[in-house]
Amino acid sequence: MTGPRAGDPRTARTKARLREALLAECAAGRELAEVSVSAVVRRAEVGRATFYLHYEDLPALAVDACADVVHAAVDALHAWQTGPAARPPARPPAALAGFLREARGHAALYRTLLLPGGGGPLGERLHRELRARARAERIAVGAPAPDLVASAVAAAFTGVLADWLHDLIPAAPAGTAADPAGAADPAGAAARRASPDALAERIWLLLMALHRAGAPAG
């Protein structure tokens, strides 16, 4: 018996249904450990054998389902790049706060795969793809220390995102420059979490500082 063929449209449709089913199961805030294969295949309207033909287990499906968040994160951080000569703005692109709002909506699932500090399968994938993008862009424009700065940028963003989703980055005091509106998530532990807009501002300042730090002294 052979496995599913890469590029087969039927395989792509089946895997898409499984990804959508898992995200739907987690939409109510359930952790991945609270979701069963049976619930996913029932929602996707496929059999268990079909599930295991494509994925080893639920965590493997979850990593695949979260692949889009990796691409969205990388794109959001580079949304300001309208051309090869474009320079990063002083304020973060709107897409960055939009990405953070979307990530907050799937925080229960992402926390399972993105551990505090940026570890876990989702963290590893995000770090790898973000580092590759940052490195390629610094090389393209002749910026110094592409490997060093790319590693620092990828590690900083991945770690901050992970810690924020785990409620380890609180909102700044109301009225401060970091969170001028004093905005935060609603009730519970998340009420102490920095708002997406405030976090976007803080991350942007950090990443711009890392890029500047890669410049030679003198």
Side-chain angles (χ1 to χ4, degrees), residues 15-16 18-37 39-40 54-79 92-93 95-135 149-171 184-186 188-207 210:
K15 294 177 75 172
L18 288 168
R19 290 194 298 267
E20 291 165 4
L22 177 63
L23 292 175
E25 287 293 318
C26 293
R30 287 192 294 274
E31 301 283 348
L32 184 62
E34 300 175 304
V35 178
S36 67
V37 172
V40 170
H54 298 290
Y55 298 104
E56 180 180 356
D57 50 25
L58 277 177
L61 170 60
V63 170
D64 193 19
C66 292
D68 286 346
V69 76
V70 172
H71 302 314
V74 174
D75 289 344
L77 284 171
H78 297 85
L96 180 54
F99 162 76
L100 293 171
R101 282 190 288 272
E102 180 70 19
R104 181 181 59 183
H106 291 101
L109 175 59
Y110 296 162
R111 281 195 297 264
T112 303
L113 304 167
L114 182 58
L115 306 179
L122 180 56
E124 293 169 4
R125 183 166 184 168
L126 176 56
H127 182 280
R128 182 171 62 250
E129 295 197 17
L130 183 55
R131 184 186 186 279
R133 177 78 170 263
R135 180 179 183 275
V149 174
S151 291
V153 166
F157 181 79
T158 304
V160 169
L161 176 63
D163 287 357
W164 179 66
L165 291 174
H166 283 274
D167 300 320
L168 298 176
I169 299 182
D185 286 356
R192 296 184 296 275
R193 183 191 302 158
S195 71
D197 291 277
L199 186 66
E201 295 280 352
R202 294 158 74 179
I203 286 178
W204 193 251
L205 290 175
L206 173 61
L207 298 184
L210 289 173

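The analysis underlying the following values was restricted to heavy atoms, covering all of them including side chains, and did not include hydrogens, waters or symmetry mates.
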Checklist line | For P116 against A162, the heavy-atom pair lying closest together | finding: CA-CB, 4.4 Å

Notebook entry, point to check: Within the distance-only criterion (no hydrogens, no angle test), does the side chain of H166 pair as donor or acceptor with the backbone N or O of G117 below 3.5 angstrom?
Noted result: no

Note to self: Please find the pair of heavy atoms, one from P196 and one from L100, that lie closest to each other, and give the distance.
What the structure shows: O-CD1, 3.4 Å

Notebook entry, point to check: Do D64 and R19 pass the side-chain contact (heavy atoms from CB on, under 4.5 Å) test, and can you show the C-alpha distance, the side-chain angles, and the key distance before you say yes or no?
Noted result: CA-CA 7 Å; D64 193 19; R19 290 194 298 267; 3.3 Å; yes

Item checked: Test side-chain contact (heavy atoms from CB on, under 4.5 Å) applied to V69 and H106, step by step -> CA-CA 10 Å; V69 76; H106 291 101; over 6 Å; no

Item checked: I203: which of L207, L206, L205 passes side-chain contact (heavy atoms from CB on, under 4.5 Å) -> L207

Item checked: Where V70 and L126 come nearest, the two heavy atoms and their spacing -> CG1-CA, 3.9 Å

Margin query: Let me confirm one number: the CZ-OG distance from R101 to S195, rounded to the nearest 0.5 Å.
Written below: 9.0 Å

Check: Which distance, rounded to the nearest 0.5 Å, do you find between the CD of E25 and the CG of L109?
Finding: 11.5 Å

Check: Is there a donor-acceptor contact under 3.5 Å from the side chain of E34 to the main chain of E31?
Finding: yes

Item checked: Derivation of the side-chain contact (heavy atoms from CB on, under 4.5 Å) call for L114 and E124 -> CA-CA 8 Å; L114 182 58; E124 293 169 4; over 6 Å; no

Notebook entry, point to check: Are E129 and R125 close enough, and set up right, to give a salt bridge (charged side-chain N to carboxylate O under 4.0 Å, His left out), and what steps lead you there?
Noted result: CA-CA 6 Å; E129 295 197 17; R125 183 166 184 168; 3.3 Å; yes

Checklist line | Distance in Å, R104 CZ paired with L161 CG, rounded so as to fall on 0.5 Å steps | finding: 13.0 Å

Notebook entry, point to check: Heavy-atom distance under 4.5 Å between the side chains of Y55 and K15, does that happen here?
Noted result: yes

Checklist line | Minimal non-hydrogen separation, A95 against A76, with atom names | finding: O-CB, 3.5 Å

Notebook entry, point to check: CG/D163 to CG/L168 distance, rounded to the nearest 0.5 angstrom?
Noted result: 5.0 Å

Check: Under 4.5 Å between any side-chain heavy atoms of F99 and L77, yes or no?
Finding: no

Checklist line | Expected output: side-chain W164 to main-chain R193 donor-acceptor under 3.5 Å | finding: no

Next item on the list: Kindly give the heavy-atom pair with the smallest separation between E201 and P92, and that separation in Å.
Entry: OE1-CD, 3.5 Å

Checklist line | Residue pair A156 / L210: nearest heavy atoms and the distance that separates them | finding: CB-CD1, 3.7 Å

Next item on the list: Take D197 and R202 through the salt bridge (charged side-chain N to carboxylate O under 4.0 Å, His left out) test and state the conclusion after the steps.
Entry: CA-CA 9 Å; D197 291 277; R202 294 158 74 179; over 6 Å; no

Note to self: Rounded to the nearest 0.5 Å, what separates atom CG in L22 from atom SG in C66?
What the structure shows: 7.5 Å

Checklist line | Approximate separation, where rounding is to 0.5 Å, of L122 CG and T158 OG1 | finding: 8.5 Å

